[in-house]
J.: 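Provided herewith is a single structure, encoded as structure tokens, for subsequent inquiry.
Note that the coordinates shown come from a computational prediction; the quantities given were computed from them, not determined experimentally. The chains referred to below are lettered A, B, ... by the order of the sequence lines, with proteins before strands, and numbering in each begins at 1.
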There are 2 protein chains.
Amino acid sequence: MERAFLKHYIKSQGLRQSSRRDRIVETFFKVKGHTTAEELLGQVRKKDKLVGLTTVYRTLKLLTQCGLAVERKFDRKGASFEPAQAGEHHDHLICLECGTILEFENKNIESLQEAVAREHGFIISRHILELYGTCQECSGKTRKNSKKK
Amino acid sequence: MERAFLKHYIKSQGLRQSSRRDRIVETFFKVKGHTTAEELLGQVRKKDKLVGLTTVYRTLKLLTQCGLAVERKFDRKGASFEPAQAGEHHDHLICLECGTILEFENKNIESLQEAVAREHGFIISRHILELYGTCQECSGKTRKNSKKK
DNA sequence: TTTAGTGCAAACTCTTTGCAGCTAA
DNA sequence: TTAGCTGCAAAGAGTTTGCACTAAA
């Protein structure tokens with residue numbers, strides 16, 4: 001699905017096909033969830049040792065520009081990228097201990113956001129909602145074994 | 001108020017007082033709202049031309065460590081800092097056209113966030129909610145004069 | 001006097017860009 | 001053949017660190 005769209009987009013922009021890029025794209029969509037450029041490079045290199053980080057960045061930029069990927073800045077240093085499921089929106093629960101990222105969606109929260117925006121005369125085009133804390137597994141660990149890193 | 005707390009914190013950590021740092025702190029709390037290190041440097045230099053960016057960074061780090069400031073990463077390149085009003089929490093409406101940042105607080109949204117977290121077994125320690133869009137003034141401009149940027 | 005504070009320059013991290021060779025169309 | 005794709009090295013942007021000097025306590 002994304003494949004066809006991307007192919008069309010590439011043609012429409014006068015760009016060319018490339019197997020290197022195809023592999024990066026394929027890997028990006030296969031690795032579910034959030035990836036950094038470095039992580040994605042690692043995955044891609046399992047199949048093609050010669051790929052460079054530059055190409056990964058360029059491919060992620062292309063995916064972001066054509067709307068197939070979204071760039072996010074969580075607390076960590078670099079940017080994270082994730083596939084943009086068309087029309088679907090979700091927010092994130094981020095565990096500060098193990099780094100796990102869970103996704104959720106809550107229509108009620110979104111309605112309240114709209115209401116807040118209206119009160120201030122704002123028109124929302126997108127939003128970021130990130131809940132940082134401790135996931136179930138880590139808070140279990142903490143209870144059993146309370147020495148923290 | 002922050003002054004006294006900071007003074008106490010500095011003493012408790014075996015640090016020393018410094019008029020340079022005092023001026024940065026004072027300026028940081030005077031300039032209401034969000035500031036980047038560069039912006040704060042500009043403000044501080046109005047009174048003291050010899051302050052260095054390094055010292056601003058170090059002071060912001062100190063303020064963040066002792067809990068008097070919070071670091072945020074909005075869409076722009078660098079980090080923003082803002083005073084952390086004790087106990088009070090607020091979220092942000094960010095205009096993508098003019099960069100205005102409005103603050104708001106909504107207890108209902110926060111309750112829903114807690115509910116979502118509970119569902120996933122998460123314990124929230126903090127959260128980020130940023131609504132990006134167009135502010136009242138800019139959407140007015142757009143209507144009157146619809147060429148954008 | 002000891003040791004934190006400071007500015008400067010250099011280092012560092014993440015990301016982008018310039019360049020020369022490679023390759024799809 | 002033309003012009004996009006690629007890796008490498010270098011450049012950028014934001015931030016931190018090493019160092020020598022200054023100045024609180």
J.: Let me know the distance between CD of B:Glu39 and P of D:dA13, rounded to the nearest Å.
T.: 17 Å
J.: Whole angstrom is fine here: how far is it from CG in B:Leu53 over to P in D:dG14?
T.: 10 Å
J.: Give a yes/no on whether any side-chain N or O of A:Tyr57 is located under 4.0 angstrom from OP1 or OP2 of C:dT15.
T.: yes
J.: Just wondering, do B:Val31 and B:Glu39 contact through their side chains at under 4.5 Å, heavy atoms?
T.: no
J.: Taking the nucleotide of DNA chain D with the nearest heavy atom to each, does A:Arg45 or B:Lys61 sit closer to the 5' end?
T.: A:Arg45
J.: B:Arg20 CZ to C:dC8 P: how many Å, rounded?
T.: 9 Å
J.: Starting from P on C:dT3, measure out to NZ on B:Lys11 and report it in whole angstrom.
T.: 18 Å
J.: Is the count of non-hydrogen atoms from other residues, nucleotides or ligands lying under 6.0 Å from A:His8 atom NE2 greater than 12?
T.: no
J.: Can you tell me the distance, in whole Å, between the CG atom of B:Leu50 and the C1' atom of D:dT22?
T.: 13 Å
J.: Which nucleotide in the set D:dT16, C:dC14, D:dT6 lies at the smallest distance from any side-chain heavy atom of A:Arg58?
T.: D:dT6
J.: Donor-acceptor pair, distance only, cut-off 3.5 Å: does the side chain of A:Arg21 make one with the backbone of A:Arg58?
T.: no
J.: Determine the contact category for B:Arg21: base if any of its heavy atoms lies under 4.0 Å from a base atom, sugar-phosphate if only primed atoms, P, OP1 or OP2 are that close, otherwise nothing.
T.: sugar-phosphate
J.: Do B:His92 and B:Phe74 come within less than 4.5 Å of each other through their side chains, counting heavy atoms only?
T.: yes
J.: Look for any protein N or O under 3.5 Å of an N or O in nucleotides 20-25 of chain C and output each such pair with its distance, or none.
T.:
{"residue": "C:dA24", "atom": "N3", "partner": "A:Arg16", "partner atom": "NH1", "Å": "3.0"}

J.: Report the distance from atom CZ of A:Phe81 to atom C1' of C:dC14, rounded to the nearest whole Å.
T.: 11 Å
J.: Contact between B:Asp91 and B:His127 at the side-chain level, heavy atoms closer than 4.5 Å - yes or no?
T.: yes
J.: In whole Å, what is the span from the CG atom of A:Leu41 to the P atom of C:dT13?
T.: 17 Å
J.: Can you tell if the side chain of B:Ile10 reaches within under 4.5 Å of the side chain of B:Gln17, non-hydrogen atoms only?
T.: no
J.: Is any side-chain heavy atom of B:Cys135 closer than 4.5 Å to a side-chain heavy atom of B:Leu93?
T.: no
J.: Please give, in whole Å, the distance from D:dT22 P to B:Asp48 CG?
T.: 17 Å
